[in-house]
S.K.: 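Pasting a structure here, questions to come.
Keep in mind it's a predicted model, so treat the numbers as computed, not measured.
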Protein chains: 2
Amino acid sequence: MKKGELRKQEIQEKMAKHILTNGLQSGSLRSLAQAAGTSDRMLLHYYQDKEELMTEVLTQISDNLITILEQARTVPIPFNQLVPHLYQLIKNPVVKPYIQLWLELIARASKKEEPYYSIAKQIGNSFIQYCSELIQADDEEKEKLAPLTFIIVEGIAMLDAIDFEPNINKALEGFSDFQK
Amino acid sequence: MKKGELRKQEIQEKMAKHILTNGLQSGSLRSLAQAAGTSDRMLLHYYQDKEELMTEVLTQISDNLITILEQARTVPIPFNQLVPHLYQLIKNPVVKPYIQLWLELIARASKKEEPYYSIAKQIGNSFIQYCSELIQADDEEKEKLAPLTFIIVEGIAMLDAIDFEPNINKALEGFSDFQK
DNA sequence: TTAATTATGTAGCAAGTGCTACATTTTTGT
DNA sequence: ACAAAAATGTAGCACTTGCTACATAATTAA
């Protein structure tokens, strides 16, 4: 039970990296196996089926993202500064692959496809929680501003996906105009 | 050239309906053919390949959406009223399938996958244009508020995909607080 | 009417999918 | 050292994918 668990962890990390780089679409057992230096046969030895595999891999990816976000944490800042700050964050090359994967996850989750739907909900909650911790405001306000932050950042991520940066910048101008 | 063109149009409409209901994932030639009451063989008779087919079908779907939006048009209203109005619109059962498809489109577009990337850009521009026409403001402000509206509505659509309505409503409260 | 064009059917290929059966080697606990 | 358990290899199945070859029937243009 020693060597096996370790090997599984190794393999899982490589699969997570591969999914993060190449997306859910290239997540067939065979290509995952190749990326992890093993065979599809072995993957189904470590995991009961593909759904279990994806659940564990995506959970790990999600945990990795949380770690990254924790490291990039600042002291709580006002809402109007938080949005541009998070925009910078999701443009960061380290974070960007996660956002791209998030878009894929949402697309599948919107059809209630498992395990994607459950995982997406979990990640969504984590991110709202994260926003909440970063906002400088009282609790009642946080409860409104955290989801609002999440919404705006997600919307920005979508525009970014189709290379609409000029529009994003215009929108951010409009956003800060509004704070007056 | 008479009967053929007509039949193609018929088939294309049925395919559009099918894609709208079942998403891009269920867009194999065989399932599209079945939905259209023909064979994959015939689809490749009318279209050079799958990419051409998808381009035409998605363009048609996009045109249909524009028509629906035009019919739901109001007189220009202020920005802070427009967002809730558009939220109601995307919850409309007629519109919702389009939004769901849009999420799928964005996921593929974010990888620059064709023809999805090009079509997504085109639809994105249409929607920003549509927002712009609905905002009651001067031109300079419109240029900022239209993309901002688009961002917020898209963000809301994503939360909606994972059934986060309570969070959406909280966010909208926060949003209207801000207008003061 | 005849010749050319267009429409449609039937079969199949090569590649990819998740997964399984059956075997053998390797590791582990005793 | 030995038996139980875990790891790994090799083949394959049944299915889906986009697409093609080869044929025949229907329509259109002359």
S.K.: Ignoring hydrogens and angles, are the base of C/dG16 and the side chain of A/Arg30 linked by a donor-acceptor pair under 3.5 Å?
M.R.: no

S.K.: Could you check which residues of residues 47-54 of chain A get a heavy atom under 4.0 Å from DNA chain C? Sort them by number, please.
M.R.: A/Asp49, A/Lys50

S.K.: Name each donor-acceptor pair under 3.5 Å that joins a side chain in residues 89-96 of chain A to protein atoms two or more places apart or in another chain, with its distance.
M.R.:
residue, atom, partner, partner atom, Å
A/Asn92, OD1, A/Val94, N, 2.7
A/Lys96, NZ, A/Asp160, OD2, 3.3

S.K.: Please list, by residue number, the residues of residues 37-44 of chain A whose heavy atoms come closer than 4.0 Å to an atom of DNA chain C; answer none if no residue qualifies.
M.R.: A/Asp40, A/Arg41, A/Leu44

S.K.: Going by side chain to side chain contact (heavy atoms under 4.5 Å, CB included), name the residues that satisfy it together with A/Pro97, two or more places apart in sequence or in a different chain.
M.R.: A/Leu20

S.K.: In whole Å, what is the span from the CD atom of B/Gln25 to the P atom of C/dT17?
M.R.: 15 Å

S.K.: What is the distance, to the nearest angstrom, from the NE2 atom on A/His45 to the C1' atom on C/dT26?
M.R.: 11 Å

S.K.: Only distances under 3.5 Å count here; give the side-chain donor-acceptor pairs of residues 113-125 of chain B to other protein atoms, sequence neighbours excluded, each with its distance to 0.1 Å.
M.R.:
residue, atom, partner, partner atom, Å
B/Glu114, OE1, B/Ser118, N, 3.4
B/Glu114, OE1, B/Ser118, OG, 2.8
B/Glu114, OE2, B/Ser118, OG, 2.9
B/Tyr117, OH, A/Asp163, OD2, 2.4
B/Tyr117, OH, B/Lys121, NZ, 3.2
B/Asn125, ND2, B/Lys121, O, 3.3

S.K.: Ignoring hydrogens and geometry beyond distance, is a side-chain donor-acceptor pair present between A/Glu104 and A/Gln100 at under 3.5 Å?
M.R.: no

S.K.: Can you measure A/Arg7 atom CZ to C/dT28 atom P for me and round it to whole angstrom units?
M.R.: 14 Å

S.K.: Counting only side-chain nitrogens and oxygens, does B/Ser28 get under 4.0 Å of the OP1 or OP2 atom of D/dT17?
M.R.: yes

S.K.: According to salt bridge (charged side-chain N to carboxylate O under 4.0 Å, His left out), does anything in residues 41-58 of chain B pair up with another residue at least two apart or in another chain? List the pairs.
M.R.: B/Lys8-B/Glu56

S.K.: Using atom CD1 of A/Ile11 as one end and atom C1' of D/dA6 as the other, report the distance to the nearest whole Å.
M.R.: 13 Å

S.K.: Would you say B/Tyr46 places a side-chain N or O within less than 4.0 Å of OP1 or OP2 belonging to C/dT6?
M.R.: no

S.K.: May I ask you to decide whether B/Glu141 forms a salt bridge with B/Lys144, counting only side-chain N to carboxylate O separations under 4.0 Å?
M.R.: no

S.K.: Are A/Val75 and A/Gln136 close enough that some pair of their side-chain heavy atoms sits under 4.5 Å apart?
M.R.: no

S.K.: Would you call the rings of B/Phe175 and B/Phe79 parallel, tilted or perpendicular, where under 30° means parallel and over 60° means perpendicular?
M.R.: perpendicular

